[in-house]
Amino acid sequence: GATAIVLICEGSTFIAGADITEFNRAPEEPFHDEVIARLENSEKPVVAAIHGTALGGGLETALGCHYRVAVPNAKCGLPEVNLGIIPGAGGTQRLPRLIGIEAAVKIIASGVPIGAAEAHKLGLVDELIEGDLLAGALAYAEKLAAEGTPPRRIKDMQATFEGSGEIFKTMRAQLAKVKRGFEAPQRAIDAVEIATQTNIDEGLMKEKEIFYNCLISTQSQSQRHIFFAERKATKIPDVPKDTPVKKIESAAVLGAGTMGGGIAMNFANAGIPVFLTDATQEGLDKGIGIIQKNYASKVKKGKMTQEKMDKVMGLIKPTLDYNDLKDVDIVIEAVFEEMELKREVFGKLDAVCKPDCVLATNTSTLDVNEIAAVTSRPEQVIGLHFFSPANIMKLLEIVRAEKTSKEVIATSFALAKIIRKTAVLVGVCDGFVGNRMVHPYLREAMFLLEEGALPQQVDGALYAFGMAMGPFAMSDLAGLDVGWRIRKRQAATRPKDERYSAIGDKICEMDRYGQKTGAGFYKYEPGNRVPQPDPVVDELVIQESALVGIERKAISDEEIIERTIYALINEGAKILEEGIALRSSDIDVIYVYGYGFPAFRGGPMFYADTVGVKTVYDKVAEFHAQHGKLWEPAPLLKKLAEEGGRFADFGK
Ligand code: NAI
């Protein structure tokens, strides 16, 4: 008979976690807990042999085994918190018993997998196997059997820690900062603490209870929504999976400014050679200098080797000669935001670039159809709207113009994957999806100042709601002058009877353009990006209320949230109806990945569903009656409210 057992998986990986589409169904036999208990209770030593990724329920299965061996490039992790839940099959009870509570909390509450070498160091993996895993695992098991080593059951171990219970308090406080607003990491600590207090059976029961409470929570539903939404965003109904994709082996970026430099870094990081051009040698040198500084700071922080930096810098090729672009597979234009200039540039590109070159613009407000129209090949033209800083922000809006070909769309999605962006398809309109929605959001934030709030109060309420930062801190970060220039251009055509706040303009008139000038809605100490409330701005705001004849009143945090977030939702509903976004979940992805909307609220449209579309509509209707036509409810919002519908069910 057998003397020991090896548990190994076929294919590219060990068990990589639960099928999360099953979370909404009743579990089927054999139940996971029972399988794990059978493994753990085996009289003969059981060895898990891990390759690929042992994640979630997969790692929990391995923890039911008595020993674990792994190939050096395997990964182990408990990523459940990313879906707003905690491990529910013993992970929180066994891992701390095996590797100690601090290491366990780090793995469980961060959700980040660790490599096999680290797992080995922690004692999670008993032996690293170079070469053939099965052979190595069998040899390991045979040795155990030969030496008469008994099963080592984690359930019989003690989860101990040094020092007092203060350690849990400290860990909770730390996590409240790094995972601000997220419930699951806190619950994970609760579960680990339980492991130190009870026997395994009671611990497993309590873990299960916490797991189910998390599973039905709005936070978990929201995080799972975002998880699926991100994957759904890549599915375009009329661009099937088998649409031919052009391989991108070389690229060019026009304009070495704020955006161009960051975009070029994306290509270099992915190993794709990229030309970077500018109008002048000076502009080019400046752009290259900034890229260099960016990489150098990574090297200094130990996040990149000098060797890698030399390699990526070598892939970025500065040039002033358009002829260099004749063979590249894609050009991304990021010159000044002026239509005349863009038209001129695209005319030149049309003349030099090869016929199947993708011609992309990073414009944030201009009409991509108009840009495409100056070329002889509008089907090759697309918008690729990056977010600042382009080397860091995950979001990419892919802007489909009227004539953009399916191949170019499919190629853009494929490229997004290569340069590690989360891509969402949007249609042409002023501001596309993200910036178009942010406009009414910022507008209401500004009106709230006139009505009685101060920037720090508005930002404080939205920060507490979970936004990465409030609207005024965000504006200061992005720079106030760009919007100011646009507003000046629009001033002549703005309807006279439309409410308009001049506060933003007045701040700019004081040469306060945000962080880059050391002052905007806030002031900034040199070298410090933390916004400091500024009495000068408070005074300006208070004067402005008087000037426009509004008596200042106390504004509640609740009103701040409703006025700003519901403004987002109302505009989002219009965007959906116009077909600028394909589906409601696409908007959610844009807001979570591009605008710091909290994932635990699922994005603005999903948030509306969780609050109740009717509740949102009623409030919007109330604001409409109170504040006038800028609050006209979107017909779709009204319709869904009347039907008892949800945004999540609307769209393709
Ligand atoms: P920027 O002013 O920092 O950079 C523009 C660069 O283009 C400058 O270096 C300029 O010298 C260069 N340039 C001007 N004319 C040129 C020409 N004929 N050929 C080659 N280079 C030329 O501007 P930024 O912020 O990088 O914006 C660039 C584009 O990206 C704009 O269309 C803008 O709307 C868009 N965008 C900007 C975002 C931002 O947050 N700054 C976000 C997303 C898009």
Side-chain angles (χ1 to χ4, degrees), residues 230-255 259-260 262-276 315 324-334 342 345-346 349-350 352-363 368-369 371-387 390-391 393-428 432-433 580-582 586 589-590 593-594 652:
E230 189 182 345
R231 282 149 187 83
K232 199 167 180 188
T234 62
K235 300 196 171 69
I236 312 305
D238 69 334
V239 183
K241 254 198 148 91
D242 57 1
T243 306
V245 165
K246 184 178 164 51
K247 205 151 181 253
I248 303 291
E249 287 170 331
S250 60
V253 175
L254 295 186
M259 294 306 289
I263 296 169
M265 287 171 77
N266 281 305
F267 284 100
N269 293 344
I272 300 170
V274 55
F275 288 107
L276 183 62
L315 287 169
D324 281 343
L325 312 187
K326 67 183 190 328
D327 293 322
V328 298
D329 297 318
I330 186 170
V331 178
I332 299 182
E333 166 277 312
K342 306 255 186 206
V345 164
F346 272 77
L349 290 175
D350 193 31
V352 295
C353 294
K354 63 183 182 184
D356 64 343
C357 176
V358 174
L359 302 178
T361 172
N362 181 47
T363 182
V368 183
N369 291 321
I371 295 172
V374 303
T375 73
S376 61
R377 39 176 144 165
E379 69 286 352
Q380 289 300 113
V381 178
I382 195 162
L384 291 180
H385 185 216
F386 290 78
F387 288 72
N391 53 318
M393 293 295 288
K394 289 281 289 172
L395 180 65
L396 180 67
E397 281 184 332
I398 296 182
V399 189
R400 177 182 204 161
E402 255 161 47
K403 296 191 177 149
T404 308
S405 75
K406 294 178 183 184
E407 287 74 12
V408 167
I409 292 170
T411 300
S412 298
F413 272 98
L415 172 69
K417 207 164 170 188
I418 293 169
I419 62 174
R420 298 179 173 201
K421 297 290 171 189
T422 298
V424 180
L425 190 74
V426 302
V428 175
F432 311 122
V433 170
I580 297 294
L582 279 171
D586 284 357
V589 173
I590 289 173
Y593 286 100
K652 301 177 180 81

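Residues: numbered from 1 along the sequence shown.
Heavy-atom neighbours of K394 NZ from other residues, nucleotides or ligands within 6.0 Å: above the threshold of 12. Within 6.0 Å of CZ on R420 lie no more than 12 heavy atoms contributed by other residues, nucleotides or ligands. Within 6.0 Å of NZ on K326 lie no more than 12 heavy atoms contributed by other residues, nucleotides or ligands.
Checked by atom type and distance alone, the side chain of N362 pairs as donor or acceptor with a backbone atom of F386 at under 3.5 Å. Side-chain atoms of R400 do not come within 3.5 Å of backbone N or O of I409 as any donor-acceptor pair. Although no hydrogens or angles enter the test, the distance criterion places no donor-acceptor pair under 3.5 Å between the side chain of E379 and the main chain of K403. Here the side chain of T404 pairs a donor or acceptor atom with the backbone of V381 at under 3.5 angstrom. Using modelled atom types, no side-chain atom of K406 and backbone atom of P240 make a donor-acceptor pair closer than 3.5 Å. In this structure a side-chain-to-backbone donor-acceptor pair under 3.5 Å is present from N269 to M265.
Looking at heavy atoms from C-beta onward, Y593 lies out of side-chain contact with M393 at the 4.5 angstrom threshold. Side-chain contact between V368 and T361 is present, with heavy atoms from C-beta onward closer than 4.5 Å. Taking the side chain as every heavy atom from C-beta outward, L349 and L325 approach each other to under 4.5 Å. The shortest distance between side-chain heavy atoms of V274 and V253 falls below 4.5 Å.
One finds the CZ atom of F346 at 11.5 Å from the CD atom of Q380 (value rounded to the nearest 0.5 Å).
Ion pair D356/K246 flagged as a salt bridge, since at least one NZ, NE, NH1 or NH2 atom sits closer than 4.0 Å to an Asp/Glu carboxylate oxygen. Salt-bridge formation is detected for the pair E249/K247: a Lys NZ or Arg NE/NH1/NH2 atom is positioned less than 4.0 Å from an Asp or Glu carboxylate oxygen. Taking 4.0 Å as the cut-off between side-chain N and carboxylate O, D586 and K232 do not count as a salt-bridged pair.
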Inset, instruction - Might you work through the side-chain contact (heavy atoms from CB on, under 4.5 Å) test for L254 and I332, ending with a clear yes or no? - result: CA-CA 6 Å; L254 295 186; I332 299 182; over 6 Å; no
Inset, instruction - Kindly indicate, with the supporting measurements, whether the criterion side-chain contact (heavy atoms from CB on, under 4.5 Å) is fulfilled by L384 and L396. - result: CA-CA 7 Å; L384 291 180; L396 180 67; 4.2 Å; yes
Legend entry - side-chain contact (heavy atoms from CB on, under 4.5 Å) evaluation trace for I398 with F432: CA-CA 10 Å; I398 296 182; F432 311 122; over 6 Å; no
Inset, instruction - In sequence, state the C-alpha distance, the side-chain angles, and the governing distance for F387 and E397, and then conclude on side-chain contact (heavy atoms from CB on, under 4.5 Å). - result: CA-CA 9 Å; F387 288 72; E397 281 184 332; 3.9 Å; yes
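Scanning both residues, A410 and V239, for their nearest heavy atoms gives CB-CG1, 4.1 Å. Contact record, D329 with K354: OD1-NZ, 2.7 Å, taken as the closest heavy-atom pair. When all heavy atoms are compared, the tightest approach of N266 to A390 is ND2-O, 2.9 Å. Taking both residues in full, the closest heavy atoms of V245 and A414 are given as CG1-CB, 3.7 Å, listed atom of the first, atom of the second, then distance.
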